[in-house]
Amino acid sequence: MHKRLLTTLAFATTVALVSAPAALAAASDLNQVIDNIRVWITGLLAALATLLLMVGGVRYLLAAGDPGSHERAKGSIKAALLGYALALLAPVLVSIVQRIVG
């Protein structure tokens, strides 16, 4: 199952990166490119966090009292919460980069 999850995440990342140049090509200046990247990163982080939350929830339901399975499920849910936090912080980080770049 772990291998299948990694394959799915790699496929989703590849699809997002292949689609990203279309958004970058429409930009007229550096600030627009940075905004487009922010949108893509936020969407990708939110999608991956949702996937990890669903995986963690299913693992938790299927753990059937096994302490090791419960810990893996909790780890997936913690990773999902971290992903949501990063998705919420992405606009802040991009605004800092925009101020530094100009």
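We use all heavy atoms of the structure for the numbers below, so side chains are in, but hydrogens, waters and symmetry mates are not.
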Rounded distance (nearest 0.5 Å) linking atom CG of Leu45 with atom CG of Leu89: 10.0 Å
Are Thr50 and Tyr84 close enough, and set up right, to give a side-chain hydrogen bond (donor to acceptor under 3.5 Å, both in side chains), and what steps lead you there? CA-CA 8 Å; Thr50 302; Tyr84 283 127; 2.8 Å; yes
Measuring from atom CG of Leu53 to atom NZ of Lys78, what distance do you get when rounded to the nearest 0.5 angstrom? 14.0 Å
Out of curiosity, Thr42 OG1 to Leu93 CG, how far, rounded to the nearest 0.5 Å? 9.5 Å
Specify the closest pair of heavy atoms between Pro91 and Ala87, including all atoms of both residues, with the distance to one decimal. CD-O, 3.6 Å
Spatial distance of atom CZ (Arg72) from atom OH (Tyr60) [nearest 0.5 Å]: 14.0 Å
Just checking, any donor-acceptor pair under 3.5 angstrom between side chains of Ser76 and Arg59? yes
Heavy atoms of Ser69 and Ala63 approach each other most closely as CB-CB, 3.6 Å
Linking directly or through intermediates, with side-chain heavy atoms under 4.5 Å: list the remaining ILVMFWY members grouped with Ile100, chain and number order. Val92, Ile96
